[in-house]
Amino acid sequence: MHDTVSRVTRLLDMAGEELTSAQQAVADCMRNSALTSAEICRLQKLDLATQTVASAATVLKNLMSLSPIGITDTLNVASLAKGVTLSEVVQVLKGEDGSGQSMGTGEMDLF
């Protein structure tokens, strides 16, 4: 199981790097452009996807750091969520449905 989780973590890390690269390309392209509200919302989704991939990779790394003795049928969510920045990911770990929430359209730091 450890090897499989490690491979999935590497895939998520690679996807996260690609998403970060895509964000940088978008930032470079939009330096001299004004964005509409709809475009900003779409860019927020790219940022959210990037953060979600990074958070999922962090959860898997935290899972792999647990000793086999510490692994039971119920895992400590706080241990798994250490370093995770998205509350929606933590909610999913807790078994709560975070799918109904979406990122607001307030201020954001574009990449």
Side-chain angles (χ1 to χ4, degrees):
M1 179 180 95
H2 188 270
D3 288 341
T4 301
V5 173
S6 180
R7 280 183 239 140
V8 171
T9 301
R10 282 194 304 267
L11 285 172
L12 287 171
D13 284 339
M14 289 187 318
E17 289 172 14
E18 292 297 326
L19 285 167
T20 299
S21 177
Q23 283 183 318
Q24 186 58 49
V26 169
D28 291 344
C29 290
M30 60 183 242
R31 290 208 195 284
N32 297 320
S33 301
L35 298 175
T36 66
S37 294
E39 290 168 330
I40 290 172
C41 286
R42 291 198 328 248
L43 289 175
Q44 284 177 321
K45 289 180 183 183
L46 173 60
D47 186 53
L48 180 60
T50 302
Q51 291 181 53
T52 300
V53 167
S55 293
T58 298
V59 168
L60 290 178
K61 289 173 190 171
N62 291 341
L63 179 63
M64 288 189 318
S65 74
L66 296 175
S67 70
I69 295 169
I71 298 176
T72 63
D73 286 341
T74 53
L75 296 169
N76 182 323
V77 173
S79 295
L80 290 177
K82 184 178 179 182
V84 172
T85 58
L86 289 178
S87 61
E88 291 174 359
V89 172
V90 176
Q91 285 178 317
V92 170
L93 289 174
K94 290 179 178 179
E96 299 171 2
D97 183 17
S99 63
Q101 296 182 353
S102 62
M103 181 183 278
T105 57
E107 278 188 46
M108 65 176 272
D109 183 13
L110 289 176
F111 324 122

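Because only heavy atoms are used, hydrogens play no part in the values below, and waters and symmetry mates are left out as well, while side chains stay in.
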Just do the side-chain contact (heavy atoms from CB on, under 4.5 Å) check on Glu88 and Val92 with the steps written out, would you?
CA-CA 6 Å; Glu88 291 174 359; Val92 170; 5.7 Å; no
Tell me, please, which residues at least two apart from [X] pass side-chain hydrogen bond (donor to acceptor under 3.5 Å, both in side chains).
X: Glu17; result: none
X: Ser33; result: none
X: Arg10; result: Ser6

Under 4.5 Å between side-chain heavy atoms, counting indirect links through other Ile/Leu/Val/Met/Phe/Trp/Tyr residues: same cluster for Leu60 and Leu11 or not?
no
Count I, L, V, M, F, W, Y as connected when their side-chain heavy atoms are under 4.5 Å apart, and connections chain through other members. Are Val8 and Met14 then in the same cluster?
no
Value rounded to 0.5 Å, distance of [atom1] in [X] from [atom2] in [Y]:
X: Leu12; Y: Thr52; atom1: CG; atom2: OG1; result: 11.0 Å
X: Leu63; Y: Thr9; atom1: CG; atom2: OG1; result: 8.5 Å
X: Thr58; Y: Leu80; atom1: OG1; atom2: CG; result: 11.5 Å

Ala81 versus Leu93, closest heavy-atom pair with distance
CB-CD1, 4.1 Å
When every non-hydrogen atom of Val53 is compared with those of Gly16, the smallest separation belongs to CG1-N, 3.7 Å
For [X], side-chain contact (heavy atoms from CB on, under 4.5 Å) partners two or more places apart:
X: Lys94; value: Val77, Val90, Glu96
X: Thr50; value: Leu19, Thr20, Gln23, Leu46
X: Arg42; value: Glu39
X: Thr85; value: Gln51, Ser55

Salt bridge (Lys or Arg N to Asp or Glu O under 4.0 Å): which pairs involve residues 48-65, sequence neighbours left out?
Asp13-Lys61
